[in-house]
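Here is the naming used below: chain letters follow the sequence lines, and residue numbers restart at 1 for every chain. As a basis for the values below, the full set of heavy atoms in this structure was taken, side chains included, without hydrogen atoms, waters or symmetry mates. Quick caveat, the model's predicted, so the values are computed rather than measured.
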Amino acid sequence: MMRKFICTRDQINLKCVLLGGQCFRWKEIAPNEYAGVFAGGFWTLIQNDDHIVYKRVPSTDSDEESLFNYLRMDENLIEYYEKWSSSDPTFQKSAKKFKGIRMLRQEPVENILSFICSSNNNITRISSMVENMCSLYGENISGTPYFAFPNIESLMGAKVEEELKKAKFGYRAKFIRQTAEKIVQLGGNKWIDKLKIMDYISAKKELMLLPGVGPKVADCICLMSLEHLEAVPVDTHVFQIACQNYLPHLKKYKTVTDRVYNEIGDYFRSLFKVNAGWAHTVLFLDDLKNFKGYDSNNDQMDSKISSKRRKKC
DNA sequence: GGCCGACCTGTGAG
DNA sequence: ACTCACAGGTCGG
């Protein structure tokens, strides 16, 4: 059953939020229409100028609550944008093009395993790997051909590693297996719940006990599924952004060392004061190749990109 | 403690 | 056609 809620594009921009590299399970199935899986259900979302239509299969009484929680609609985005804009002209510029950017409130296990796949990889391939993992080990969502994200227990054992290698996971196959086993060993969901309560630095340190989880992936997890919104993942994009706009003396570094990593994160935290990682996501989008030329005000790529797209079809 | 090369795979640029 | 670099990095030496 389709339902809707009132919401403008400035309040949330589904395209950027769902396809911008936070989560890898959403697809644009038609203009302004998105399909994906979370919380064990298959969801369809349609964005209109003044409302969003949604549907979950199978449907339950708490669908709207579940969706609001996932989209983090409980937080005042406009207020944050004003705060971040007033402390940084560079943000202000990006924010004009990328309105309605929210941090999804994701499920930790999916977040952890998806971002283990993200290392030295591109969004397209990460998405297909995650999709493969779900169809191999996830539970079928009844009434659909889609699969929920697998339980951590189903990803344990040598066989999994072998199968994932066969599914082209490369060196990440071992990390997935080892991390699944490590999470169970550390206490499973109880351990994950503790990570949400403890402070950001401690949670990050704990996460880095997992094979395949370094400082960057740990920050992604802190930011996207553990409510530590001050975590700033510093990847190649953010390093470039920092060199160009904020910390030019870092240009001489070829790679991001631990010290440089922390300097950039600390800089963003002191600049934005609150939810630095959320603010950073707006800057990140502005640097993403897939969103080059994007402007949420007209919701279209520029002519250069569109002509390229036409060629492909 | 910091730096460096290797690492699975796929794709686009040259 | 054929390298080659690079993609939301991490690990071991």
Side-chain angles (χ1 to χ4, degrees), chain A residues 16-26 94 98 101 103-104 106 110-133 160-180 182 204-225 231-244 250 252-265 268 276-292 294 304-305 307-309 311-312:
Chain A
C16 294
V17 171
L18 300 177
L19 307 178
Q22 293 188 45
C23 176
F24 303 100
R25 295 212 68 190
W26 289 93
S94 292
F98 295 94
I101 308 306
M103 287 308 305
L104 293 174
Q106 298 194 58
E110 172 175 344
N111 197 210
I112 291 167
L113 297 173
S114 299
F115 276 85
I116 285 175
C117 295
S118 77
S119 79
N120 203 13
N121 207 348
N122 60 70
I123 293 182
T124 312
R125 185 174 162 222
I126 301 165
S127 304
S128 81
M129 286 163 68
V130 170
E131 217 47 55
N132 272 330
M133 182 157 42
V160 171
E161 185 177 333
E162 192 185 316
E163 286 172 338
L164 289 177
K165 274 229 168 97
K166 210 174 287 176
K168 317 260 189 190
F169 275 62
Y171 61 82
R172 302 169 192 86
K174 186 191 285 191
F175 290 156
I176 301 287
R177 197 263 291 225
Q178 290 177 328
T179 282
K182 187 81 182 179
K204 178 172 175 180
K205 238 184 244 170
E206 279 282 301
L207 285 168
M208 288 173 66
L209 296 172
L210 305 175
V213 177
K216 190 270 174 179
V217 170
D219 273 333
C220 286
I221 300 160
C222 281
L223 172 65
M224 300 174 183
S225 62
V232 179
V234 179
D235 58 20
T236 51
H237 296 281
V238 178
F239 180 55
Q240 295 305 321
I241 292 167
C243 289
Q244 283 169 30
L250 296 181
K252 64 184 179 206
Y253 292 97
K254 210 173 163 193
T255 56
V256 181
T257 65
D258 268 5
R259 199 190 58 75
V260 170
Y261 188 103
N262 289 324
E263 183 175 343
I264 295 172
F268 279 122
W278 190 341
H280 124 286
T281 301
V282 177
L283 301 176
F284 171 78
L285 269 177
D286 204 358
D287 200 65
L288 253 196
K289 220 193 292 175
N290 290 358
F291 285 93
K292 277 287 180 241
Y294 182 82
K304 217 178 183 177
I305 307 287
S307 67
K308 203 173 171 184
R309 287 200 147 184
K311 228 168 146 185
K312 272 196 155 178

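Judged purely by atom type and a 3.5 angstrom limit, A:R172 uses its side chain to pair as donor or acceptor with the backbone of A:S119. The closest donor-acceptor contact from the side chain of A:E110 to the backbone of A:V130 lies at 3.5 Å or more, if one exists at all. For the pair A:K165 (side chain) and A:Y171 (backbone), a donor-acceptor distance under 3.5 Å is absent. In this structure, the side chain of A:W26 does not engage the main chain of A:G20 through any donor-acceptor pair within 3.5 Å. Between the side chain of A:T281 and the backbone N or O of A:G277 there is at least one donor-acceptor pair closer than 3.5 Å. Between the side chain of A:S114 and the backbone N or O of A:N111, no donor-acceptor pair lies under 3.5 Å. With hydrogens and angles ignored, the 3.5 Å screen pairs a side-chain donor or acceptor of A:Y261 with a backbone N or O of A:P215. For A:H280 (side chain) and A:P233 (main-chain N/O), a donor-acceptor pair under 3.5 Å exists by modelled atom type.
Applying a 4.0 Å cut-off to non-hydrogen atoms, the residues of residues 123-132 of chain A that approach DNA chain C are A:I123, listed by residue number.
C:dG8 sits 25 Å from B:dC3 when the P atoms are compared, rounded to a whole Å. The separation of C:dA5 from B:dG5, taken at their C1' atoms, amounts to 16 Å, rounded to a whole angstrom. Taking atom P in both C:dG13 and B:dC8, the straight-line distance is 15 Å, to the nearest Å.
Between A:G214 and A:N122, the one whose closest nucleotide on DNA chain C sits nearer the 5' end is A:N122.
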- [ ] Evaluate the side-chain contact (heavy atoms from CB on, under 4.5 Å) criterion for residues A:S118 and A:V217: first the C-alpha distance (whole Å), next the side-chain angles of each, then the deciding distance (0.1 Å), finally the verdict.
- [x] CA-CA 8 Å; A:S118 77; A:V217 170; 4.3 Å; yes
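Within 3.5 Å, a donor on the side chain of A:Y171 pairs with an acceptor on the base of C:dG9, or the reverse. Counting atom types as modelled, A:K216 pairs a side-chain N or O with a base atom of C:dG8 as donor and acceptor under 3.5 Å.
Heavy atoms of A:Q178 sit nowhere under 4.0 angstrom from any nucleic acid atom. Across all strands, A:F115 comes closer than 4.0 Å to no nucleic acid atom at all (heavy-atom distances). The residue A:G21 sits close to a base: some heavy atom pair falls under 4.0 Å. Residue contacts for A:V213: at a heavy-atom cut-off of 4.0 Å it reaches the sugar-phosphate backbone alone, with no base atom in range.
One interatomic measurement links the two molecules: OH of A:Y253 to P of B:dG2, which rounds to 10 Å at whole-angstrom precision. A:N262 has its CG atom 12 Å from the P atom of B:dG1, to the nearest Å. The distance from atom CG of A:L209 to atom C1' of C:dT10 is 15 Å, rounded to the nearest whole Å. Between A:F169 atom CZ and C:dA7 atom P the separation is 21 Å, expressed in whole Å. Spacing between atom NZ of A:K292 and atom P of C:dG8 amounts to 12 Å, rounded to whole angstrom units. Atom pair A:F239:CZ and C:dC6:P shows a separation of 14 Å (rounding to whole Å applied). A:Q240 has its CD atom 12 Å from the P atom of C:dG9, to the nearest Å. As rounded to whole Å, 14 Å separates atom C1' of C:dG8 from atom CZ of A:F268.
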TODO: Toss me the dot-bracket line for DNA chain C: Watson-Crick and G-U wobble, both under 3.5 Å, 5' to 3', using | for pairs to another strand and [ ] for crossers.
DONE: .||||||.|||||
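A 4.5 Å side-chain heavy-atom check between A:I123 and A:F24 finds at least one atom pair inside the cut-off.
Interatomic distance, A:L113 CG to A:M129 CE, rounded to the nearest 0.5 Å: 11.0 Å.
Applying the 4.0 Å criterion to OP1 and OP2 of C:dA7, one finds that A:S119 has every side-chain N and O outside that range.
Closest contact between the side chain of A:T257 and the listed nucleotides B:dC3, B:dC7, C:dG8 involves B:dC3. Comparing C:dC11, B:dC8, B:dC3 by their nearest atom to the side chain of A:R172 picks out B:dC8. In the set C:dT10, B:dT9, C:dG8, C:dT10 carries the atom at the smallest distance from any side-chain atom of A:P215. Closest to the A:M224 side chain, of the nucleotides C:dG8, C:dG9, B:dT9, is C:dG8. Considering only the side chain of A:P233, C:dG8 comes nearest among C:dC11, C:dG8, B:dC7.
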